[in-house]
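Read the structure below first, then the notes.
Keep in mind it's a predicted model, so treat the numbers as computed, not measured. Both ligands and their constituent atoms are indexed starting at 1 by order of listing.
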Amino acid sequence: MSYVDEVLARVKEKNAAEPEFLQAVEEVLNSLRPAIEANEEKFKKEALLERICEPERQIKFRVPWVDDNGQVQVNTGYRVQFNSAIGPYKGGLRLHPSVNLGIIKFLGFEQIFKNSLTGLPIGGGKGGSDFDPKGKSDREVMAFCQSFMTELCKYIGADTDVPAGDIGTGAREIGYMFGQYKRIRGLYEGVLTGKGLTYGGSLARTEATGYGLLYITNELFKDHGDTLEGKTIAVSGAGNVAIYAIQKAHQLGAKVVTCSDSTGWIYDPEGIDVELLKEIKEVKRARLTEYAAAKSSAEYHEGRGVWQVKCDIALPCATQNELLIDDAKQLVANGCKAVCEGANMPTTIDATEYLQENGVWFIGGKAANAGGVATSALEMSQNSERLSWTFEEVDSKLQGIMANIYKNISDAAKRYGFEGNYVVGANIAGFEKVAEAMIAQGVC
Ligand code: NDP
């Protein structure tokens with residue numbers, strides 16, 4: 001049995017109840033085979049893969065808070081500090097009823113390689129809670145965030161672990177958490193990223209993941225002698241990543257015709273109106289039915305279905321496992337040329353393989369959505385030097401980082417004989433730096 005297979009078997013046995021974590025480990029380790037096989041004896045002696053698949057620390061805690069009726073509610077909080085070989089733990093906080101330890105571990109594991117790919121000194125971590133901010137009053141959200149941070153603040157810090165936003169955690173939640181951290185620890189430091197601009201946030205952080213996704217998609221098309229000009233794009237999601245992906249796609253001359261949320265989706269052949277979408281999702285926090293009510297060219301459909309629409313490019317920007325094998329078949333049948341992931345692990349393994357086998361250029365989330373965490377690291381730099389850079393400065397650094405990521409994943413794939421396989425390229429390029437740092441730091 002090869003070393004990769006041995007470790008996969010052990011990870012499966014130890015984490016049998018965590019399907020998302022297993023899916024992420026399987027995808028990464030399988031694509032690392034060429035890099036592992038080239039150094040098998042050394043890595044095995046170092047137990048490098050066993051160490052990389054085991055979080056350095058997992059924190060799970062009670063989050064009690066009082067709702068508007070005076071009733072005490074209890075949620076579970078998590079922070080998984082996965083790997084600090086190349087820098088302080090860095091990764092978002094997800095607030096969604098589906099959150100459990102396995103989901104946080106999958107996200108933290110992915111984050112190790114993504115953060116390494118940015119070229120910046122940040123380790124991998126992730127956290128969150130099964131709290132659902134949807135339908136809660138601002139006071140209830142504040143009560144939850146303060147209680148969550150009262151416990152979390154013991155384990156994080158500007159040089160230790162720097163959380164950020166993710167699904168359900170936007171500027172409002174980050175603000176409440178930052179206030180509570182400051183109050184308890186008495187420290188005004190860059191302990192969270194995604195902060196508001198008046199208290200240490202970075203310009204362009206809000207836009208960064210969506211913009212970065214389009215910058216790398218643009219690099220992909222340039223490399224193949226094509227452009228985004230005139231392309232039709234299908235996007236899923238209607239949150240932070242989706243909104244700014246749509247905005248940048250339009251700025252680059254493409255037309256986005258779909259978006260979705262957890263209850264339904266929009267098809268707008270005239271192109272999604274970003275300002276209207278922002279008003280509905282960021283200001284009113286309402287459903288997409290309001291989009292169709294306000295724009296006569298748009299159709300609203302219940303359930304899921306964006307991947308049925310004919311497009312040149314598909315950008316899944318909602319959540320994990322939202323692009324399935326039948327969707328992949330439909331995309332191929334419709335002549336889709338590229339799939340680039342804005343969300344984390346939105347495409348299932350069989351769908352990814354089908355797309356790649358059928359000549360669709362595929363860039364996974366680790367590389368394609370790394371613009372968010374990269375800009376978070378730029379926010380950390382600005383906080384450390386107590387300066388704020390202009391939007392243009394941050395945006396231009398982001399463009400440089402995404403171009404570099406594209407080059408690195410493309411080169412790594414070629415180096416190991418997998419030209420054009422950006423999944424293999426991203427995993428290997430991300431892994432190499434972390435592996436070298438772990439070995440250099442001894443058994444820890
Ligand atoms: P938001 O909460 O802002 O938006 C998420 C969007 O996806 C919403 O439209 C939501 O709909 C939809 N959605 C969530 N869960 C489901 C589900 N189970 N089924 C269908 N739709 C769903 O999150 P973000 O935009 O920040 O994050 C989206 C993805 O991008 C996540 O995978 C996240 O991990 C990833 N990501 C985010 C980064 C960031 O900087 N924000 C950085 C890198 C990755 P509804 O409103 O109805 O819930």
Side-chain angles (χ1 to χ4, degrees), residues 20 24 90-99 103-104 106-111 114-115 117-118 122 124 126-128 131-135 163-174 192-194 201-202 204-213 216 235-246 258-266 272 277-278 280-282 284-291 302-307 315-324 327 340-347 364-379 398 402:
E20 292 86 1
K90 181 97 200 81
L93 296 171
R94 177 171 292 190
L95 299 182
H96 194 272
S98 64
V99 163
I103 288 188
I104 299 299
F106 122 62
L107 291 162
F109 182 71
E110 294 268 302
Q111 200 81 43
K114 180 191 306 193
N115 292 3
L117 277 177
T118 65
I122 38 180
K126 197 84 186 185
F131 172 78
D132 188 358
K134 244 183 259 158
D166 190 71
I167 290 179
T169 307
R172 175 182 59 171
E173 291 75 16
I174 292 287
L192 291 161
T193 57
S202 173
R205 173 59 188 94
T206 308
E207 295 83 353
T209 309
Y211 278 22
L213 172 65
I216 202 166
V235 164
S236 65
N240 173 263
V241 180
I243 287 174
Y244 294 97
I246 297 170
T258 66
C259 63
S260 65
D261 64 16
S262 48
T263 50
W265 60 284
I266 291 287
I272 299 290
L277 188 62
K278 280 170 82 169
I280 292 168
K281 285 293 175 185
E282 290 181 349
K284 295 188 185 159
R285 299 179 190 271
R287 309 312 312 170
L288 282 176
T289 40
E290 292 214 8
Y291 183 98
E302 285 290 324
R304 50 193 301 284
V306 292
W307 313 126
L315 304 176
C317 297
T319 192
Q320 66 271 7
N321 295 331
E322 52 150 325
L323 199 162
L324 313 176
D327 303 319
C340 301
E341 297 183 327
N344 284 313
M345 208 169 73
T347 316
K366 255 179 241 104
N369 69 33
V373 73
T375 309
S376 276
L378 300 180
E379 184 174 329
L398 171 63
M402 297 315 291

Does an N or O from [X], backbone or side chain, lie closer than 3.5 Å to an N or O of ligand 1?
X	result
Gly372	no
Gln320	no
Arg94	yes

Backbone N/O of [Y] and side chain of [X]: donor-acceptor pair under 3.5 Å:
X	Y	value
Asn240	Gly170	no
Ser260	Gly237	yes
Lys90	Val373	no
Arg94	Gly127	no

Considering only the protein, which heavy-atom contact is closest to [atom], and what is its distance?
atom	answer
atom 4 (O) of ligand 1	Gly239 CA, 3.2 Å
atom 33 (C) of ligand 1	Asp166 OD1, 3.2 Å
atom 9 (O) of ligand 1	Ala238 N, 2.9 Å
atom 32 (O) of ligand 1	Asn344 N, 3.1 Å
atom 46 (O) of ligand 1	Lys281 NZ, 3.9 Å
atom 3 (O) of ligand 1	Asn240 N, 2.9 Å

Contact partition for [X] relative to ligand 1, non-hydrogen atoms under 4.0 Å:
X	result
Ser260	backbone
Arg287	side chain
Thr209	side chain
Lys134	side chain
Ser98	neither

Is the closest heavy-atom distance from [X] to ligand 1 below 4.0 Å?
X	answer
Met345	no
Thr263	no
Arg304	no
Gly165	no

- Query: Which residue from Pro316, Ala245, Ala318, Gly342 reaches closest to atom 7 (O) of ligand 1 through any of its heavy atoms?
  - Reply: Ala318
- Message: For atom 16 (C) of ligand 1, tell me which residue out of Thr375, Thr319, Val241 has the closest non-hydrogen atom.
- Response: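 It is Thr319 whose heavy atom sits nearest to atom 16 (C) of ligand 1.
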Atoms of ligand 1 close to [X] [distance to a heavy atom under 4.0 angstrom, numbered from 1]:
X	value
Gly168	2 (O)
Arg205	40 (O)
Ser262	11 (O), 20 (C), 21 (N), 22 (C), 45 (P), 47 (O), 48 (O)

- Message: Regarding Thr347 and Glu341, do their side chains bring together a donor and an acceptor under 3.5 Å, going by distance alone?
- Response: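 There is such a pair (donor and acceptor under 3.5 Å, judged by atom type) between the side chains of Thr347 and Glu341.
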- Message: Under a plain distance cut-off of 3.5 Å, with no hydrogens placed, do Asn369 and Lys114 share a side-chain donor-acceptor pair?
- Response: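 Yes.
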Would you indicate whether the side-chain heavy atoms of [Y] and [X] approach each other to under 4.5 Å?
X	Y	value
Ile272	Thr258	no
Lys281	Glu290	no
Asn344	Lys126	yes

- Salt-bridge criterion met for Glu322 and Arg304 (N-O under 4.0 Å):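 The answer is no: the pair does not qualify as a salt bridge.
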- Message: So that I can tick it off, tell me whether Glu379 and Arg205 are bridged by a salt bridge, with the cut-off set at under 4.0 angstrom between side-chain N and carboxylate O.
- Response: no
- Atom CD of Glu282 and atom OG1 of Thr206: how far apart are they, to the nearest 0.5 Å?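 The distance works out to 8.0 Å.
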- Query: Atom CD1 in Ile167, atom CG in Asp132: separation rounded to 0.5 Å?
  - Reply: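 These two atoms lie 11.0 Å from each other.
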- Task: Of all the heavy-atom pairs spanning Ala24 and Phe106, show the shortest one and how long it is.
- Result: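 Smallest interatomic distance, heavy atoms only, reads CB-CD1, 3.9 Å.
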